[in-house]
2 protein chains.
Amino acid sequence: MASDTYTRILDTAQALIVTRGYNAFSYADISAVVGVGKATIHHHFPGKADLAVAVIARYRQATEDGMGAMAAHEPRADKRLAGYVGFWEQCIRDNNAPFCIAALLAAELPSLPPEVAEQVKAHFDELIARLTGFIDEGLKKGELTSAEDAERSARILVATVHGAMLAARVAGGDAELYASITEPALRRLTG
Amino acid sequence: MASDTYTRILDTAQALIVTRGYNAFSYADISAVVGVGKATIHHHFPGKADLAVAVIARYRQATEDGMGAMAAHEPRADKRLAGYVGFWEQCIRDNNAPFCIAALLAAELPSLPPEVAEQVKAHFDELIARLTGFIDEGLKKGELTSAEDAERSARILVATVHGAMLAARVAGGDAELYASITEPALRRLTG
DNA sequence: GGATATCTACCGACTAGTTGGTCGGTCGTC
DNA sequence: GACGACCGACCAACTAGTCGGTAGATATCC
């Protein structure tokens, strides 16, 4: 039973990590935003690494849920991939979570506590596995075309999406730029 | 005339930023590596932002020099692009500077001092401009083929390279993985 | 040529503020 | 009366940055 404060700490931590990364956010920052003492944060999450792990674990779950829902409700592989790519375009446009936490933390990976790094790696594995599944299915059903095998296509797509996020961030949160980079990558699969 | 200490501080700062990012390295770290007092670092670089700006400025110059040398000595556009993509593959393989500083700092952009952020943006602009020039020339000479215009192709290539760096870092510095992602992106242009 | 002034590189010791984290304790609820 | 949520006060370690000062090279003046 996640309490309200618990969830708000998690939300705030997630937002802070998305904009600043792991090393540049502090308990004091969260304390100020949530309006609760620093000790309270330690009560829910003993250490900073615990907090970060909880954030990514929840993020992984949300991703899995989203992917699962897509697998259940959207039969066409091309539309599934468009859904994944388009999801981030919308995030950048709305500026609510304009970056993939795991991608950001991946950049900082060598300076991350081991538990946190493991979560990041796990997210990448899951994401690649999901998309590989979608692409594999799409290739077999003829909804997608690719010169490469499914896994490699998935890795290329994810890399392009992450690189496009970076480009959009440098351009001040330019969702159009993100779209103009990812659209050809998507079209290369959907034909 | 850049003194020895000055250069070593710069080198160390660059190495630290590449592995940890801007927010997770300190004057004390550099002090310990270079073997000079913290005050000495402040003597050469008054503030942390000054140091970071100097690092990226030098990095930008090195990039421009490298790109210029390629433009001068390598006439074929396809080989120029392969040179750019292959450069990073070698960096990852040698593990000397296994990540583009500007790409790493781009992720941290919202938490960067404005002067540093500006340098990062400037690097991206220069890099895109250079590659756009290469691709534009290559398209006209028939050495390259692309469904998109030169600038867009350049942005796609850069995004793929940066995303592939991220993937390689997550995979523990896997240069093969980097190559397997970037190679198709390159082949899409070189035909 | 010798005394003097200036400059650069460098350092130890310090500061104010922040970091993640601990402690003992209070409050309300079950 | 036990328990979870919460808090203020505290801590040692670290942060970027400052200060006054030293050693050595170089330039200036007589």
Side-chain angles (χ1 to χ4, degrees), chain A residues 1-58 101 104-105 108-119, chain B residues 1-17 19-56 58 105 108 110-117 119:
Chain A
M1 201 69 44
S3 80
D4 181 51
T5 303
Y6 179 93
T7 310
R8 279 166 60 215
I9 291 172
L10 224 42
D11 291 343
T12 308
Q14 176 155 2
L16 285 171
I17 294 177
V18 162
T19 48
R20 319 224 276 243
Y22 179 81
N23 298 296
F25 87 94
S26 74
Y27 273 51
D29 294 329
I30 298 176
S31 174
V33 174
V34 180
V36 18
K38 276 197 315 170
T40 302
I41 307 174
H42 282 285
H43 168 69
H44 290 286
F45 309 94
K48 194 183 182 182
D50 299 293
L51 175 53
V53 165
V55 167
I56 316 174
R58 189 180 65 161
I101 295 196
L104 213 169
L105 293 180
E108 294 184 294
L109 208 69
S111 72
L112 256 35
E115 322 95 276
V116 181
E118 228 166 287
Q119 286 286 328
Chain B
M1 201 67 45
S3 80
D4 182 52
T5 303
Y6 179 94
T7 310
R8 279 167 59 216
I9 292 173
L10 224 43
D11 291 342
T12 308
Q14 177 155 0
L16 285 171
I17 295 178
T19 47
R20 320 224 275 242
Y22 178 81
N23 298 296
F25 87 94
S26 74
Y27 274 50
D29 295 327
I30 299 176
S31 174
V33 174
V34 180
V36 351
K38 276 195 316 167
T40 302
I41 307 172
H42 281 286
H43 168 70
H44 290 288
F45 308 95
K48 195 183 182 182
D50 300 293
L51 175 54
V53 164
V55 168
I56 315 173
R58 191 181 64 160
L105 293 179
E108 293 184 291
S111 73
L112 256 36
E115 322 94 277
V116 181
Q119 287 285 329

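Below, chains carry the letters A, B, ... as their sequence lines are ordered, and counting in each starts from 1.
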Under the rule for side-chain contact (heavy atoms from CB on, under 4.5 Å), what residues qualify as partners of [X], not counting sequence neighbours?
{"X": "B/R58", "value": "B/T7, B/L10, B/D11, B/Q14"}
{"X": "A/T40", "value": "A/T5, A/V36, A/H44"}
{"X": "A/A49", "value": "A/Y22, A/P113, A/E115, A/V116"}

Q: Report the residues that fulfil salt bridge (Lys or Arg N to Asp or Glu O under 4.0 Å) with B/D29, sequence neighbours left out, ordered by chain and then residue number.
A: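 Result, salt bridge (Lys or Arg N to Asp or Glu O under 4.0 Å) vs B/D29: B/R20.
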
Q. Tell me: CD1 of A/I30 to P of D/dC6, nearest whole Å?
A.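 Roughly 14 Å, once rounded to whole Å.
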
Q: Rounded off to whole Å, could you give me the NE2-to-C1' distance for the A/H42 and C/dT22 pair?
A: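 Spelled out: NE2 on A/H42 to C1' on C/dT22 is 8 Å.
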
Q. Counting just side-chain N and O atoms, does A/H43 come under 4.0 Å of either OP1 or OP2 of D/dC6?
A.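 Indeed not, no polar side-chain atom of A/H43 lies that close.
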
Q) For D/dA5, does either OP1 or OP2 sit under 4.0 Å from a side-chain N or O belonging to A/T5? A)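 Result: no.
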
Q: If a protein heavy atom is under 4.0 Å from the base, mark B; if only from the sugar-phosphate, S; if neither, -; do that for nucleotides 23-30 of chain C going 5' to 3'.
A: B-------

Q. Listed by chain and number, what are the ring-ring contact (aromatic ring centres under 6.0 Å, His included) partners of B/H42, not counting sequence neighbours?
A.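 B/Y27.
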
Q | For A/F25, ring-ring contact (aromatic ring centres under 6.0 Å, His included) partners two or more places apart | A |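 For A/F25 there are no ring-ring contact (aromatic ring centres under 6.0 Å, His included) partners, ignoring immediate neighbours.
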
Q) Restricting to pairs with a member in residues 34-50 of chain B, which pass salt bridge (Lys or Arg N to Asp or Glu O under 4.0 Å), not counting sequence neighbours? A)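 Residue pairs passing salt bridge (Lys or Arg N to Asp or Glu O under 4.0 Å), neighbours aside: none found.
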
Q. Hey, can you pull the residues of residues 44-53 of chain A with a non-hydrogen atom under 4.0 angstrom from DNA chain D?
A.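 Per residue number, the list reads A/H44.
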
Q: With a 4.0 Å heavy-atom cut-off, tell me which residues in residues 108-117 of chain A come close to DNA chain C, sorted by residue number.
A: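 DNA chain C contact set from residues 108-117 of chain A: none.
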
Q | DNA chain C contacts among residues 9-27 of chain A, heavy-atom distance under 4.0 Å | A |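 Residues of residues 9-27 of chain A under 4.0 Å from DNA chain C: A/F25, A/S26, A/Y27.
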
Q: Mind checking side chain to side chain donor-acceptor pair (under 3.5 Å) for A/S111 and listing every partner two or more places apart, or none if nothing turns up?
A: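 Listed in chain order: A/N23.
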
**Q.** Minimum heavy-atom distance between A/L105 and A/L112, given as atom pair plus value
**A.**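 Nearest heavy atoms, A/L105 then A/L112: O-CD2, 3.4 Å.
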
(Q) Please find the pair of heavy atoms, one from B/I41 and one from B/S31, that lie closest to each other, and give the distance. (A)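 Distance-wise, the nearest heavy atoms are CD1-N, 3.7 Å.
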
Q: Return the nearest nucleotide to the side chain of B/K38; candidates are D/dC10, D/dG17, D/dC7.
A: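 Selected nucleotide (nearest to the side chain): D/dG17.
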
**Q.** Rounded distance [0.5 Å steps], CD1 in B/I17 versus CG in B/L51
**A.**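 Going from the CD1 atom of B/I17 to the CG atom of B/L51 covers 6.0 Å.
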
